[in-house]
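A short write-up of the structure that comes next.
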Amino acid sequence: MSDVISVVLPDGSTRDLPPGATGGELAAAIGRGLAKAAVAVTVDGAERDLSEPLSDGARVAVITDGTEAGRHILRHSTAHVLAQAVTDLWPGARYAIGPPIENGFYYDFELPGGTHFSDDDLGRIEARMWEIIAADQPFTREEHSVAEGLELFADQPYKVEIIEGVDAADSDRAEGVGAAGVSAYRNTDSFVDLCRGPHVPSTGRLGHFRLQKVAAAYWRGDERRPQLQRIYGTAWESKAALEEHLHRLEEAEKRDHRRLGAELDLFHFPVELGGGLVVFHPKGGLVRKVMEDYSRAEHEKAGYEFVFTPHLAKSTLFEISGHLEWYAEGMYPPMELEGGTYYPKPMNCPMHILVYKSRQRSYRELPLRLFEFGTVYRFERSGVLNGLLRARGFTQDDSHIFCTPDQLAPELADLLAFVLRLLRAFGLEEFEAELATRPEKFVGEPDEWDVATDALRHALDAAALPYVVADGEGAFYAPKIDVHVKDAIGRRWQVSTLQVDLQEPQRFDMEFVGSDNARHRPYMIHRALFGSIERFFGILLEHYAGAFPTWLSPVQVALLPVRSDHQPYAEEAAGALRQAGLRVDVMAADEGLGSRIRKAKLEKIPYVLVVGDEDVAAGTVGVNAREAEQVRRGVPLGEFRAAVAAEVAAHAPTP
RNA sequence: GCCCCCUUAGCUCAGUCGGUAGAGCACAGCCAUGGUAAGGCUGGUGUCGUCGGUUCGAUUCCGACAGGGGGCUCCA
């Protein structure tokens, strides 16, 4: 046996170490800074504790605390400390799972006697966690046989279930349980947790954390299993990183579309209407109208034709379409009238198919693109409602395109380009796509699904749009491409959807006459670009934090006379701006100028104009622009009008 | 749907260890006419979410219901 081992570092260099040297010692040998930042290592790609001895020839990389992998370990270790604190404070508590998640961690518990945490408990638990961290307890890895593991966790039924469950599986990557046995980490004589690891060397390595909220969660995410008490927390490598994260959360809260909707007087959800049903106020309605006008104009240019269909239909329609068979739980219950059974529509497609089928169609008419702002109603479970983002009544910018098989590929390619063009016009610049394939519950034949899925895949490749495959996430009648956008603070939202449907044309026995004078089945594409107008509105509101770009702003210009005697000039200037199509509010001088400016700013109006003696004399305005650092005095009214009109026109649809 | 939390003035919130409540903003009136983010004074704010129970008495304690928020997917 040699008196030296050699390990390979990520840069390809090798380093000699004494036999039995650990990952932690390797980090220390490389440098003090690295040793301080190290939380674990990877050995031949697998994560290991810093305390684990390295073997000769291993490829070793140090995981540091500022990386995602490093934070993952910090959060995981902090979750263990949380579990220890809870079991200290609630003797007899059972602990289930406590994984790291994006930006933090959680741990699920079952408290003795079925009691629950309250928000006040979080402070007590945090205090106990601080004591555990101050005690600098080591995370000591233990290896046990499955039988020993079952004994060790005999009074922890969730741990036992994990051990038993994974013992049956052949995977050794999951759960800290494998063919070789189970691994656990011990902090004290009394606290040990089943865990794959790795962990930081000791609790003293932790500390930049915050417990955030109490929630309930079903064991294994299954609503038929017991409900557990979950505590969410966040943890970071430094105080600064923690504070930055908390600040980001505050900023996101300020952007909450429900809050902005009330503050800016855009919309609300009246209690009298019921959950998930919104009314738009005049200002919100104006934004929505601008959105819809733009969309209509673009669709008209792109060869769409407009149709209008009702909100209700007899059950017959949804029997043919398959909705009652496959989607009934998402539909509002039926109304019985004069012997007929009527349903509010959950989708527009069957209605558009009826338009198609109103007469015989020739291949010369295809592709036929039918467009409608179609309002649909879906019975979403109350717990999933979320303002405009998840509502029960909403309007889709919905279209169904009927085409020949040959036309499918070019049509899809054009569509993807159209989608991205529209989203960019609304200020969204980053996109990702998801190709959602056949779900477990589906209609039709698998080989038809393959045809449709391939068509979508080709369109994505042609558009060079990055995408991931979401297996089994398709609609019951069609595979789809979902387009996701990234907003101003990096959050992802699903907006547009494109679906290739081979089922509905069959169910409705649709046909067209081809150039061969024979009857053929058309292909059908479902697509919505905003998705839901309400949802897209909510996303835009959060994206812009309420400060809509000028072309979308409900009020584009606020005009403030300095004194009451400047009012006539202000009215005259407002009239001139309105002549140029601008939306202007005159804020009369019945309170202080500073106060009125503040109000206009809080309304996030793009341009605040102040007019006083000098302006009346010279025909100018003082311009306080939302996006500018400085106020510009003495701008000729005509110059301002032309500049803003041009700014708005740049976003308007081109004729 | 299920679990937890919340519900007091238009809004944001305080408060009452059980004796029908207060602040700021907003709103109304008066004064102030002010050149770039809150001028001053005065005034009214309310079925303390709804229904029921306990009590001499409930906004407060208990229960049910409604509405809202968070969570229920990311594998110790």
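Proteins get letters first, then strands, A, B, ... in listed order; numbering begins at 1 in each. Values reported hereafter were calculated over all heavy atoms of this structure, with side chains retained and with hydrogens, waters and symmetry mates removed.
Listed for the A:Ser77 side chain is a donor-acceptor partner under 3.5 Å among the backbone atoms of A:Val200.
The CG atom of A:Leu211 sits 17 Å away from the P atom of B:C5 (whole-angstrom rounding). When rounded to the nearest whole Å, the span between CG of A:Asn103 and P of B:G71 equals 13 Å. To the nearest angstrom, P of B:G68 lies 15 Å from CZ of A:Arg390. Across the protein-nucleic acid pair, A:Gln229 atom CD and B:C4 atom P stand 7 Å apart, rounded to whole Å. With rounding to whole Å, A:Leu228 atom CG is found 13 Å from B:C4 atom C1'. Atom CG of A:Asp565 is separated from atom P of B:A32 by 15 Å (rounded to the nearest Å). Atom OH in A:Tyr607 sits roughly 21 Å away from atom P in B:U36 (whole-Å rounding). Nucleotide B:A26 holds its P atom 14 Å from the CD atom of A:Glu263, rounded to whole Å.
Distance from the side chain of A:Ala217 is smallest for B:G71 among the nucleotides B:A37, B:G71, B:U36. The side chain of A:Arg563 lies closest to B:U33 when the candidates are B:U36, B:U33, B:C2. Closest to the A:Lys599 side chain, of the nucleotides B:U36, B:C72, B:C27, is B:C27. With B:C3, B:G35, B:A37 as the choices, the nucleotide that has an atom nearest any side-chain atom of A:Glu614 turns out to be B:G35. The side chain of A:Ala589 has B:G34 as its nearest neighbour among B:G34, B:G71, B:C3. When each of B:U33, B:U36, B:G1 is scored by its nearest atom to the side-chain atoms of A:Ser564, the top-ranked nucleotide is B:U33.
To the nearest 0.5 Å, atom CD1 of residue A:Ile539 and atom CG of residue A:Leu388 are 10.0 Å apart. From A:Cys195, atom SG reaches atom CD1 of A:Ile97 across 12.0 Å, with rounding to the nearest 0.5 Å.
Looking at heavy-atom distances under 4.0 Å, A:Tyr106 makes contact with sugar-phosphate atoms alone, never a base. As judged by a 4.0 angstrom heavy-atom cut-off over every strand, A:Lys213 is placed among residues touching the sugar-phosphate backbone only. Within 4.0 Å (heavy atoms only), A:Val384 reaches at least one base atom of the nucleic acid. Within 4.0 Å of A:His566, counting heavy atoms only, lies no atom of the nucleic acid at all. Residue-level contact check: A:Leu602 touches the bases, meaning some heavy atom is under 4.0 Å from a base atom. Note on A:Gly612: a base of the nucleic acid sits closer than 4.0 angstrom, heavy atoms only. The residue A:Tyr185 sits apart from the nucleic acid: no heavy atom pair falls under 4.0 Å. Heavy atoms of A:Gly275 sit under 4.0 angstrom from primed sugar atoms or phosphate atoms, though from no base atom. Note on A:Pro100: only backbone sugar-phosphate atoms sit closer than 4.0 angstrom, heavy atoms only; bases stay farther off. Counting non-hydrogen atoms under 4.0 angstrom, A:Gly98 reaches the backbone sugars and phosphates but no base.
A:Glu434 and A:Lys480 are not joined by a salt bridge, as no carboxylate oxygen comes within less than 4.0 angstrom of a charged side-chain nitrogen. A salt bridge does not link A:Glu263 to A:Arg258: none of the charged side-chain nitrogens sits closer than 4.0 Å to a carboxylate oxygen.
A sub-4.0 Å separation between OP1 or OP2 of B:G1 and a side-chain N or O of A:Tyr218 is absent. Phosphate proximity of B:G39 to A:Ser595: present, with a side-chain N or O under 4.0 Å from OP1 or OP2. Residue A:Arg258 has a polar side-chain atom (N or O) positioned under 4.0 Å from OP1 or OP2 of B:G70. The phosphate of B:C5 has neither OP1 nor OP2 within less than 4.0 Å of any side-chain N or O from A:Tyr232. The phosphate of B:G71 (OP1 or OP2) has no side-chain N or O of A:Arg230 nearer than 4.0 angstrom. Dashed line: the shortest gap from a side-chain N or O of A:Ser382 to OP1 or OP2 of B:G1 is under 4.0 Å.
Straight-line distance between the P atoms of B:U59 and B:C17: roughly 15 Å, to the nearest whole Å. Remark: the separation of the C1' atoms in B:G24 and B:C61 is 31 Å, to the nearest Å. Distance check on atom C1': B:A32 versus B:G67 gives 44 Å, rounded to whole Å. Nucleotides B:G22 and B:A9, compared at atom C1', are 10 Å apart to the nearest Å.
Residues A:Ser553 and A:Arg626 form a side-chain contact, since some pair of their non-hydrogen atoms from C-beta on lies under 4.5 Å apart.
No donor-acceptor contact under 3.5 angstrom links the side chains of A:Gln556 and A:Thr550, judged on distance only. Donor-acceptor pairing under 3.5 Å is lacking for the side chains of A:Trp219 and A:Glu110.
Comparing A:Val610 and A:Ala79, the nucleotide of RNA chain B nearest to each residue sits closer to the 5' end for A:Val610. When each of A:Leu385 and A:Gln227 is assigned the nucleotide of RNA chain B bearing its nearest heavy atom, the one mapping closer to the 5' terminus is A:Gln227.
Taking a pair as Watson-Crick or G-U with both hydrogen-bonding distances under 3.5 Å, the stems of three or more pairs touching RNA chain B are B:1-7 with B:66-72, B:10-13 with B:22-25, B:27-31 with B:39-43, B:49-53 with B:61-65.
Between the base of B:G35 and the side chain of A:Asp615 there is a donor-acceptor pair shorter than 3.5 Å.
The side-chain tip of A:Arg75 does not point at the ring of A:Phe105 from less than 6.0 angstrom away and within 45° of straight on. Judged by the 6.0 Å and 45° rule, A:Arg124 forms a cation-pi pair with A:Trp90.
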